Amino acid sequence: MNQLKIVSGRWLFLLLALLFCAPSVGYCSDITMTETQFNQLEQNLFKLDTNNNKLEHLLTQSNNDLLEAQRSLEKLKQELNQSKTETEQLKKSYEKTDELLQKAEISLNKYEKQVKKKERQNRLLKYSLLVVGVIAYTRR
């Protein structure tokens with residue numbers, strides 16, 4: 001930024017030097033300038049310098065905004081990657097839990113079948129004992 005100011009100051013100095021020294025060097029020796037024109041030129045140069053400073057400030061501000069946006073983008077990328085990792089972990093956990101749940105359901109179904117089988121065997125045993133008891137009672 002300082003280089004731009006130095007360069008623009010040099011151009012301003014060179015322009016003024018050409019305007020004042022040109023007749024002695026031999027360039028444009030027939031150019032004349034009134035005081036009003038010189039004052040207008042000076043005002044225009046001042047406006048150009050002011051506008052240049054404003055633009056340099058805006059450029060600096062834009063660069064700072066860009067850097068902040070890049071930092072934010074990098075942070076968001078990291079958060080996105082972390083979210084993706086967590087999502088993968090949750091997906092694997094869900095799949096494992098679902099698999100365990102299916103195994104538990106199969107195991108529960110087998111247990112229920114065994115319980116029903118035992119209940120039938122107990123009923124059959126009770127009926128058999130009842131029949132044997134009735135037969136023994138009637139034979140007495």
Side-chain angles (χ1 to χ4, degrees):
M1 295 297 169
N2 290 336
Q3 290 178 343
L4 290 176
K5 289 181 182 179
I6 292 170
V7 171
S8 65
R10 288 182 185 165
W11 283 108
L12 178 64
F13 177 75
L14 181 62
L15 180 62
L16 290 174
L18 284 174
L19 289 174
F20 289 111
C21 297
S24 64
V25 176
Y27 293 108
C28 303
S29 59
D30 57 346
I31 294 179
T32 57
M33 185 180 284
T34 65
E35 188 175 339
T36 306
Q37 290 173 328
F38 179 76
N39 289 338
Q40 184 63 43
L41 178 62
E42 193 175 41
Q43 288 175 1
N44 289 345
L45 288 173
F46 179 75
K47 286 180 184 176
L48 284 172
D49 190 45
T50 303
N51 288 342
N52 187 39
N53 289 336
K54 287 179 183 177
L55 288 173
E56 285 177 358
H57 176 71
L58 288 173
L59 179 62
T60 301
Q61 187 176 2
S62 294
N63 283 338
N64 290 339
D65 291 345
L66 180 60
L67 287 173
E68 182 62 32
Q70 287 173 334
R71 285 186 207 111
S72 296
L73 178 62
E74 194 60 37
K75 184 178 179 182
L76 288 172
K77 282 181 180 179
Q78 289 173 353
E79 289 176 3
L80 177 62
N81 286 336
Q82 183 178 358
S83 293
K84 284 180 179 179
T85 302
E86 289 173 359
T87 301
E88 277 300 314
Q89 290 173 348
L90 287 172
K91 184 179 177 184
K92 288 177 183 177
S93 176
Y94 168 77
E95 289 171 353
K96 186 174 182 178
T97 303
D98 188 53
E99 182 182 323
L100 290 173
L101 183 61
Q102 288 176 1
K103 287 180 180 179
E105 187 176 357
I106 291 170
S107 179
L108 181 63
N109 288 339
K110 286 181 181 178
Y111 176 75
E112 286 175 348
K113 286 180 182 178
Q114 288 174 352
V115 167
K116 286 181 182 179
K117 184 178 178 181
K118 290 286 183 186
E119 286 176 351
R120 270 186 264 129
Q121 286 175 348
N122 284 341
R123 262 186 266 128
L124 182 61
L125 185 60
K126 285 179 187 177
Y127 290 133
S128 297
L129 287 175
L130 184 64
V131 169
V132 168
V134 169
I135 293 175
Y137 181 74
T138 54
R139 280 195 178 176
R140 240 201 248 189

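All values derive from a computational prediction rather than experimental measurement. We number each residue from 1, following the sequence as shown.
Taking 4.5 Å as the limit, every side-chain heavy atom of Leu67 sits out of range of all side-chain heavy atoms of Asn63. Counting only heavy atoms from C-beta outward, the side chains of Gln61 and Leu58 approach each other to under 4.5 Å. Between Asp98 and Glu95 the shortest side-chain heavy-atom distance does not fall below 4.5 Å.
The hydrophobic cluster containing Leu48 does not contain Leu55, counting ILVMFWY residues as joined when their side-chain heavy atoms lie under 4.5 angstrom apart, directly or transitively.
Note that CG of Leu90 is 11.5 Å distant from NZ of Lys92, once rounded to the nearest 0.5 Å. Between the CG atom in Leu45 and the OG1 atom in Thr50 there is a gap of 10.5 Å [rounded to 0.5 Å]. Here CD of Gln121 is found 11.0 Å from CD of Glu119. Values are rounded to the nearest 0.5 Å. Put simply, NZ on Lys77 and CG on Asn81 are 9.0 Å apart, with the number rounded to the nearest 0.5 Å. Note that CG of Leu59 and CG of Asn64 are 9.5 Å apart. Values are rounded to the nearest 0.5 Å. Taken to the nearest 0.5 Å, the NE2 atom of His57 stands 7.5 Å off from the OG1 atom of Thr60.
With Ser107 contributing its side chain and Lys103 its backbone, the two residues share no donor-acceptor pair below 3.5 Å. Ser72 contributes a side-chain N or O that, together with a main-chain N or O of Glu68, makes up a donor-acceptor pair within less than 3.5 Å.
Checked for salt-bridge contact, Lys96 and Glu99 miss the test: no charged N lies under 4.0 Å from a carboxylate O.
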Would Gln40 and Asn44 satisfy side chain to side chain donor-acceptor pair (under 3.5 Å), going step by step from the backbone distance to the final call? CA-CA 6 Å; Gln40 184 63 43; Asn44 289 345; 3.0 Å; yes
Report the C-alpha distance between Leu129 and Lys126 in whole Å, list the side-chain angles of each, state the deciding distance to 0.1 Å, and finish with yes or no for side chain to side chain contact (heavy atoms under 4.5 Å, CB included). CA-CA 5 Å; Leu129 287 175; Lys126 285 179 187 177; 5.8 Å; no
Where do Val131 and Ile135 land on the side chain to side chain contact (heavy atoms under 4.5 Å, CB included) test, with the steps shown first? CA-CA 6 Å; Val131 169; Ile135 293 175; 3.7 Å; yes
Worked verdict on Ile106 versus Lys110 for side chain to side chain contact (heavy atoms under 4.5 Å, CB included): CA-CA 6 Å; Ile106 291 170; Lys110 286 181 181 178; 4.0 Å; yes
For Val115 and Lys118, run side chain to side chain contact (heavy atoms under 4.5 Å, CB included): C-alpha distance rounded to whole Å, both residues' side-chain angles, the deciding distance at 0.1 Å, then the answer. CA-CA 5 Å; Val115 167; Lys118 290 286 183 186; 5.7 Å; no
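For the residue pair Glu86 / Gln82, a side-chain donor-acceptor distance below 3.5 Å is found, with atom types taken as modelled.
Of all the heavy atoms in Thr32 and Gln37, the pair that sits closest is O-OE1, 4.0 Å.
Counting non-hydrogen atoms of other residues, nucleotides and ligands closer than 6.0 Å to CD of Glu105 gives a total of 12 or fewer.
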